[in-house]
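Excluded from the calculations below are hydrogen atoms, water molecules and symmetry mates; all remaining heavy atoms, backbone and side chain alike, are included.
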Amino acid sequence: LRDDARFPNGMTRNGEFRQILQAEDRQDLMGWLTQQPLVKFDGRHNLLALHAGVVPQWTLEDTLVYATEVENVLQSPKRTKFLNKLFKARQRTWREDLGTMSRRALITHILTRMRYCNHEGKLNFSATGPPGTQPSGLLPWFKHKHRQTRDVKIIFGHWASLGLRVKKRYVALDSGCVWGGKLSAWRASDGKVFQVPYFPPKHPEQQRARKKK
């Protein structure tokens, strides 16, 4: 969505994104994407699904409300302006009194980019390796002992180096499919895991790159 806002002509540097942004049904694809929720709660299984993580300060109710705030912006005429400013916001610690842009940008970064935070809940985006490789003072967001969502099971992806993990309080599903690993799914009704191997598409750009090597 951000590249859609930044590159009206579709000429993003990301080759895979470029194929989408130059597709005939680009507007339909982007329209569909803006309608997707940033988080989804399944009360029957007490399960919260999201892309990356939540800060320890947020409750389940907070997470749902804040996600809706950003979803409303993405579905409004303000989307392009918001997305173009998204990475200019430098706030990394959640506070209720943040300005509108800083607040919405941080909500977005938390839900879509988060891996590590410190004991005060300040985000760190530089550390991307598995737990144990991070700098001192950082811990995985799901390991925070004061996390307000500990009574909810959270399912998330985003963290390929973490790998597939099915735990009591969380399920980490990113098993590195884009890097040649498997694509994983987890069934909430019985906890069964399904995996399929990744078969990379043979895009013209990728074929040319292989030939050059």
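- Clustering of Ile, Leu, Val, Met, Phe, Trp and Tyr by side-chain heavy atoms under 4.5 Å joins Leu47 with Ile155, Leu164, Val166, Val171, Leu173, Trp186, Val193.
- The cluster map of Ile, Leu, Val, Met, Phe, Trp and Tyr, joined by side-chain heavy atoms under 4.5 Å apart, puts Val39 and Trp32 in the same cluster.
- Counting heavy-atom neighbours within 6.0 Å of Arg13 CZ, excluding the residue itself, gives a total of 12 or less.
- The CG atom of Leu64 sits 10.5 Å away from atom CH2 of Trp58, with the distance rounded to the nearest 0.5 Å.
- Contact between Asp62 and Gln57 at its shortest, heavy atoms only, is OD2-O, 3.9 Å.
- Taken together through direct or relayed side-chain contacts under 4.5 Å among Ile, Leu, Val, Met, Phe, Trp and Tyr, Phe125 and Phe156 form part of one hydrophobic cluster.
- At a threshold of 4.5 Å between side-chain heavy atoms, the hydrophobic network of Ile, Leu, Val, Met, Phe, Trp and Tyr places Phe41 and Leu50 in one connected group.
- The heavy-atom pair separating Asp151 from Arg169 by the smallest distance is N-NH1, 4.4 Å.
- Within 6.0 Å of atom NZ in Lys153, more than 12 heavy atoms from other residues, nucleotides or ligands are found, so the atom counts as buried in its surroundings.
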Could you pull out all donor-acceptor pairs under 3.5 Å where a side-chain atom in residues 82-92 meets a protein atom, sequence neighbours excluded?
unit_1: Asn84; atom_1: ND2; unit_2: Thr80; atom_2: O; d: 3.2
unit_1: Gln91; atom_1: NE2; unit_2: Thr93; atom_2: O; d: 2.7

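- Shown here is Glu24, whose CD atom has no more than 12 heavy atoms of other residues, nucleotides or ligands within 6.0 Å.
- A donor-acceptor pair under 3.5 Å links the side-chain atoms of Thr133 to the main chain of Pro130, judged by distance alone.
- One finds the CG atom of Leu123 at 6.0 Å from the CG atom of Leu106 (value rounded to the nearest 0.5 Å).
- Between the side chains of Gln75 and Thr34, no donor-acceptor pair is found at a separation under 3.5 Å.
- Distance check, rounded to the nearest 0.5 Å: CG of Leu162 to OH of Tyr170 gives 6.0 Å.
- Cluster note: Leu183 groups with Val196 through ILVMFWY side-chain heavy atoms spaced under 4.5 Å, whether in direct contact or through intervening members.
- Closest approach of Pro131 and Arg165 over heavy atoms only: CD-NH2, 4.0 Å.
- Across all their heavy atoms, Met30 and Ile20 have their closest contact at CE-CG2, 3.9 Å.
- In this structure, Leu138 CG and Asn124 CG are separated by 4.5 Å, a value rounded to the nearest 0.5 Å.
- The aromatic rings of Tyr116 and Trp159 sit perpendicular, their planes meeting at an angle over 60°, well past the 30° parallel limit.
- Nearest heavy atoms, Thr63 versus Leu111: CG2-CD2, 4.2 Å.
- Side-chain atoms of His158 come within 3.5 Å of backbone atoms of Arg113 as a donor-acceptor pair (strictly under, hydrogens ignored).
- Not a single donor-acceptor pair under 3.5 Å links the side chain of Gln35 to the backbone N or O of Leu33.
- Side-chain N or O atoms of Arg18 include none that pairs as donor or acceptor with a backbone N or O of Met11 at under 3.5 Å.
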Donor-acceptor pairs under 3.5 Å, side chain of residues 139-146 to any protein atom, not counting sequence neighbours: which ones?
unit_1: Trp141; atom_1: NE1; unit_2: Ala52; atom_2: O; d: 3.2
unit_1: His144; atom_1: ND1; unit_2: His146; atom_2: N; d: 3.2
unit_1: His144; atom_1: NE2; unit_2: His119; atom_2: O; d: 2.9

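- Two different hydrophobic clusters hold Leu29 and Phe7 under the rule that ILVMFWY side chains link at heavy-atom gaps under 4.5 Å.
- Listed for the Arg26 side chain is a donor-acceptor partner under 3.5 Å among the backbone atoms of Asp4.
- In this structure, OG1 on Thr59 lies 7.5 Å from CD on Gln148, to the nearest 0.5 angstrom.
- Between Ala160 and Gly176 the shortest heavy-atom distance is CB-CA, 4.1 Å.
- The ring pair (Phe, Tyr, Trp, His ring centres under 6.0 Å) test applied to Phe17 returns no partner, not counting sequence neighbours.
- Between Lys192 and Asp190 no salt bridge is recorded (no basic side-chain N to carboxylate O distance below 4.0 Å).
- For Glu69, the salt bridge (charged side-chain N to carboxylate O under 4.0 Å, His left out) criterion is met by Arg103, Arg104, not counting sequence neighbours.
- For the atom pair CD1 of Ile107 and OG1 of Thr68, the computed distance is 9.5 Å after rounding to the nearest 0.5 Å.
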